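Quick caveat, the model's predicted, so the values are computed rather than measured. Note that the numbering runs from 1 along the sequence shown for the chain. Scope of the values below: all heavy atoms of this structure, side chains included, with no hydrogens, waters or symmetry mates.
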Amino acid sequence: MDENKSEAFMRAAIELAVENVQAGRGGPFAALVVRAGRLVARGTNTVTSACDPTAHAEINAIRSACRELQRFQLSDCDIYTTCEPCPMCLGALYWARPRRVYYAATRDDAAAVGFDDAFIYDELRCAPEMRQLAMEQLLREEALGSFRAWKAKHDRVEY
């Protein structure tokens, strides 16, 4: 895609983020999913209005695009997001497998206005028992039964 078209999509995402703030729907973040130069889906941060901590712009855009395209991967799509993705959104983006992710502001820019994810990035490097969020493993052997069932399922859909 040519540079001007990419910039136009990013400007549209930025405009959507500003509108989201002004409308009081959530934080200053927006994302677009584009396929073959066509807008497939958009998402804004609706954490506070939806009372959903996972309702980040990228997550909302990915969910909408997957519904629209009737598939769970976006390998032929580009995602335009107004900020470098947080750890949760980065994980979702890897699972969605877009062709490319374009972002505008950095995570440091977000931290400067109160959206600091450095703590989560640090926690990901820790062993589960060393994290600030109390975590305790239970019933591992029983849980492995679901993995055995998955491995034995011949018609499973890989992802």
Next item on the list: Would you name the heavy atoms of Arg156 and Glu158 that are closest together and state the gap between them?
Entry: NE-OE2, 2.6 Å

Contacts table for residues 136-143: side-chain donor-acceptor under 3.5 angstrom, sequence neighbours left out:
none

Checklist line | Nearest-0.5 Å distance that lies between atom OH in Tyr159 and atom CH2 in Trp95 | finding: 6.5 Å

Note to self: Within the 4.5 Å heavy-atom criterion, are Thr82 and Leu16 side-chain neighbours or not?
What the structure shows: no

Notebook entry, point to check: Out of curiosity, Arg35 CZ to Arg38 CZ, how far, rounded to the nearest 0.5 Å?
Noted result: 7.0 Å

Notebook entry, point to check: Can you check whether Cys89 reaches Thr81 side chain to side chain, under 4.5 Å on heavy atoms?
Noted result: no

Notebook entry, point to check: Are Ile79 and Phe9 connected, step by step, through hydrophobic side chains (Ile, Leu, Val, Met, Phe, Trp, Tyr) whose heavy atoms are closer than 4.5 Å?
Noted result: no

Next item on the list: Would you check, one step at a time, whether the test side-chain contact (heavy atoms from CB on, under 4.5 Å) holds for Leu90 with Arg107?
Entry: CA-CA 12 Å; Leu90 187 59; Arg107 62 181 167 182; over 6 Å; no

Check: In Å, rounded to the nearest 0.5 Å, how long is the span from SG of Cys66 to CD of Gln73?
Finding: 8.5 Å

Next item on the list: State whether Asp78 and Lys5 are salt-bridged, where the test is any N-O pair (Lys NZ or Arg NE/NH1/NH2 against Asp/Glu carboxylate O) under 4.0 Å.
Entry: no

Next item on the list: Check whether any side-chain heavy atom of Leu124 sits under 4.5 Å from a side-chain heavy atom of Pro87, and report yes or no.
Entry: yes

Report, one line per pair, each donor and acceptor closer than 3.5 Å where one atom sits in a side chain of residues 17-32; sequence neighbours left out.
| residue | atom | partner | partner atom | Å |
| --- | --- | --- | --- | --- |
| Asn20 | OD1 | Arg25 | NE | 3.3 |
| Asn20 | OD1 | Thr44 | OG1 | 3.1 |
| Asn20 | ND2 | Gly27 | O | 2.9 |
| Asn20 | ND2 | Asn45 | O | 2.8 |

Margin query: Tell me the closest heavy-atom pair linking Ile59 and Met88, and the distance in Å.
Written below: CG1-CE, 4.1 Å

Note to self: What's the separation between atom CD in Glu68 and atom CZ in Arg71, rounded to the nearest 0.5 Å?
What the structure shows: 10.5 Å

Item checked: Met135 CE to Cys126 SG distance, which is reported to the nearest 0.5 Å -> 11.0 Å

Check: Side-chain contact, heavy-atom cut-off 4.5 Å: Thr46 with Asp52?
Finding: no

Check: Looking only at heavy atoms, what is the nearest atom pair of Ala41 and Leu39, with distance?
Finding: O-CD1, 3.4 Å

Note to self: Counting only heavy atoms not in Tyr103 (residues, nucleotides, ligands), do more than 12 fall under 6.0 Å from its OH?
What the structure shows: no

Check: Under 3.5 Å, is there a donor-acceptor pair between the side chain of Asp109 and the main chain of Thr106?
Finding: yes

Next item on the list: Using the test ring pair (Phe, Tyr, Trp, His ring centres under 6.0 Å), find all partners of Tyr121 that sit at least two apart in sequence or belong to another chain.
Entry: none

Note to self: Looking at every non-hydrogen atom in both residues, tell me the closest pair between Leu133 and Glu123 and how far apart they are.
What the structure shows: N-OE1, 4.0 Å

Next item on the list: Look at the aromatic rings of Tyr80 and Tyr102 and report parallel, tilted or perpendicular, splitting at 30° and 60°.
Entry: parallel

Note to self: Would you compute the distance between atom CG of Asn4 and atom CZ of Arg11 and round it to the nearest 0.5 angstrom?
What the structure shows: 8.5 Å

Note to self: Looking at every heavy atom in both His56 and Val47, which two are closest together, and how far apart are they?
What the structure shows: CD2-CG2, 3.6 Å

Next item on the list: Taking all heavy atoms of Ser75 and all of Arg99, pick out the closest pair and write down the distance.
Entry: O-CB, 3.5 Å

Note to self: Taking Val101 as the starting point, is it possible to reach Ile14 by hopping between hydrophobic residues whose side chains are less than 4.5 Å apart?
What the structure shows: no

